[in-house]
Every structure is written in C-alpha cells, then in structure tokens.
Amino acid sequence: MDKVILITGASTGIGNETVKLFQSKGWKVAATMRSPDNSEDLQRIVDVECLRLDVTETDSIKLAIAATLEKFGRIDVVVNNAGYAVVGPFESLTRKQIEKQFATNVFGLMNVCREILPYFRENKRGTIVNVASMGGRITFPLYSLYHATKWAVEGFSESLQHELRQFNIKIKIIEPGPIKTDFYERSMDRVTADKAGSYAQYVARILPNMQKAGAKAPDGGLVAEVIYNAVSDGSWKMRYSANSRMILALRRILPDPVFFWVVRQAVSR
C-alpha cells in the first residue's frame, strides 16, 4: 500500500529536498506551502500534490489535510518544517517580530499537530516529524528568539510523545546544524548593525561570522535523508542529528563555563 507524507514549508530548502527524496522512494507527497503557484518544479513531479498551507491559518491546515486525504486516501507522516528566524540583539527586536517568531515556529507547529492528531489517533498510527534545530539544545548570540522557539519545540515534542505512544503515534525531532539553504535569506529577518543601537559594534563583529556557517554547510538534502531515516527505521527513537552531532556531544560533556567559552571563541573569530 502506498504511503503518504504531508510536508510544510515545502517550497524551498529542506522541505523541497524532502519532497523530492520521499517521492523518489515511492511515497505520495503533499507538498504544502503558502504560495503553491510559485513551485513549478514540484508541480511537474508525479505523485506530488502542491497545496496551500499557512501554519498560522488554521483553516488552511484543515483544508490541506482534507485535500490530501481526498487525493491520496491516507496520511502516514506529517513533517513540520515551516520556519522563520529573526536575528539580532533582543533589545532591538520589535513586538511584531517577536510575535511572528513564535506564531510560525511554535504556535504554527502546534496548529498542525492539533489538526492531524484526531486522524492519527482514530487510525492508531502515524508519525509527526518536528524539524527543530541544534539551536533547541544549545545557544548562540543574536538568536535569542529563534532559540526560544526551538527549545519550546523540543520540550513540546518530548512531552507529547509520552501522551501519544498509547495510540501508536510516533514523534521524531530533527536537529539540524548549519545547512546551506535560502533560509539565511528568504526566511530570516536580521537586525543590522546600523539599527542595533548600543549593540552595533557587537553585531558588526559577530553576525558575519554566524552567517559564514551556513555558506560552508551541506545542503538540505542531508536533512532530507535524516528525515527519511527517522520515518523509516521503525523505532521509537526520538532525536536525530544532522550536521550537529559533534557540537551536541560537546554540549553534553562540557561544563557550562567551558562550553560557553567555546561558543564565544567560535563566533568572535
């Protein structure tokens, strides 16, 4: 029987790569995004259905799930990949930016979970993959809001897996490190040095070093492979790293003062 996966934030980057990988493995794919008309590359692929879904709009989530069930007859996996980052000193960030950060990365992810869970629970099966970040376990300067949302996703997911195991519903958390996608351009809102006030010199020194990590990183295909392995391994394992294993290991074994020194040295180069 064909398996079906619904992926949010599928227009570019990790989501786009995940759509293509699962389709190549014989899955039916609901590729969801805010503007499906702009994804001609995916529309040309057989067994891929491009659907509108904005994680901040509950009605669009309901409609996308219903359309997927109508088209493919079932849903086996949901990947919460849609994301956004606002980067800069906390004092320089506006209330609107703060609200958007949480609306997308936390409340949006929860909205999708809330809408798919009744279906999974009724069928006593299903897998939810939440794309978090190594930034849900460690922190860097200028990313305080982004980290806050990813730490929230980690805690939410970990608690949720206790509740859902009785219904044979699995929760998987993906923790990517630096990945070369257009996330650093299209999905990132930066506070530049000229708007950072008292933090101007700090931003001018730190932010370019932070951006270099993405430029030198592997592409989203690596994360797509990790998502596929997480979905396919048949286990109840919850956390999966992607280009982040070493730094997460260091975080576990080093005392806080030592690890924080390592971070400061890395971002100040």
Side-chain angles (χ1 to χ4, degrees), residues 1-10 14-15 18-19 21-23 25-32 47 49 51 53-83 102-133 136-137 149-176 223-224 226-242:
M1 181 177 293
D2 292 328
K3 291 188 176 182
V4 180
I5 185 169
L6 183 151
I7 303 167
T8 70
I14 292 170
T18 304
V19 170
L21 178 61
F22 273 82
Q23 188 275 340
K25 301 289 188 179
W27 286 60
K28 311 291 187 184
V29 184
T32 76
D47 292 332
E49 185 78 0
L51 301 169
L53 188 156
D54 184 330
V55 298
T56 66
E57 298 175 7
T58 302
D59 286 346
S60 77
I61 300 170
K62 293 177 184 289
L63 290 172
I65 290 173
T68 302
L69 292 173
E70 182 177 357
K71 174 70 176 181
F72 297 126
R74 59 186 287 159
I75 298 174
D76 299 279
V77 178
V78 167
V79 177
N80 282 308
N81 168 71
F102 277 84
T104 303
N105 291 11
V106 180
F107 305 137
L109 179 146
M110 290 179 175
N111 289 341
V112 175
C113 289
R114 184 185 294 278
E115 295 304 324
I116 196 61
L117 280 177
Y119 172 79
F120 280 170
R121 183 164 39 76
E122 181 179 349
N123 287 276
K124 291 185 168 53
R125 59 169 180 82
T127 299
I128 296 174
V129 179
N130 291 333
V131 179
S133 169
R137 308 279 293 281
T149 63
K150 293 304 184 179
W151 282 58
V153 168
E154 292 270 353
F156 169 71
S157 302
E158 186 172 310
S159 180
L160 194 61
Q161 58 91 23
H162 291 298
E163 301 173 19
L164 299 181
R165 190 175 180 119
Q166 63 182 311
F167 303 113
N168 194 35
I169 301 171
K170 296 175 180 177
I171 300 292
K172 305 283 187 173
I173 305 173
I174 311 299
E175 299 172 332
V223 185
V226 172
I227 292 172
Y228 181 79
N229 291 337
V231 166
S232 305
D233 66 12
S235 77
W236 288 91
K237 178 181 175 181
M238 188 175 63
R239 287 185 168 91
Y240 297 78
S241 62

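- Counting only distance, with no hydrogens or angles, the side chain of Asp76 and the backbone of Ile5 share no donor-acceptor pair below 3.5 Å.
- Put simply, the side chain of Asn81 gets close to the backbone of Thr8: a donor and an acceptor are under 3.5 Å apart.
- Surrounding CZ of Arg114 are at most 12 heavy atoms belonging to other residues, nucleotides or ligands under 6.0 Å away.
- The pair Asp2-Lys28 meets the salt-bridge criterion, with a side-chain N (NZ, NE, NH1 or NH2) lying under 4.0 Å from an Asp/Glu carboxylate O.
- Within 6.0 Å of the CD atom in Gln166, the count of heavy atoms belonging to other residues, nucleotides or ligands exceeds 12.
- A donor-acceptor pair is defined here as one N or O able to donate and one able to accept, closer than 3.5 Å; such a pair exists between the side chain of Lys150 and the backbone of Val131.
- A donor-acceptor pair under 3.5 Å is formed between the side chain of Asn111 and the backbone N or O of Val55.
- Of the residues Ile65, Leu63, Thr32, the one that meets the side chain to side chain contact (heavy atoms under 4.5 Å, CB included) test with Leu51 is Thr32.
- When Leu117, Val112, Val77, Leu109 are each tested for a side chain to side chain contact (heavy atoms under 4.5 Å, CB included) with Ile128, only one passes: Leu117.
- Ion pairing between a basic and an acidic side chain is recognised when a charged N comes within 4.0 Å of a carboxylate O; Glu158 and Arg239 show such pairing.
- Lys170 is not listed as a side-chain neighbour of Phe120, based on a closest heavy-atom distance of 4.5 Å or more.
- Ring geometry for Trp27 against Tyr228 counts as perpendicular: the plane angle is over 60°, on a 0 to 90° scale with 30° as the lower cut.
- The side chain to side chain contact (heavy atoms under 4.5 Å, CB included) test with Lys172 is passed by exactly one of Val231, Thr127, Asn229, Val226: Thr127.
- The main-chain N or O of Asp54 is found under 3.5 Å from a side-chain atom of Ser60 such that the two form a donor-acceptor pair.
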Checklist entry - Step by step, would you call Ile14 with Ile227 a side-chain contact (heavy atoms from CB on, under 4.5 Å)? => result CA-CA 10 Å; Ile14 292 170; Ile227 292 172; 4.3 Å; yes

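- Counting only distance, with no hydrogens or angles, the side chain of Thr68 and the backbone of Ala64 share a donor-acceptor pair below 3.5 Å.
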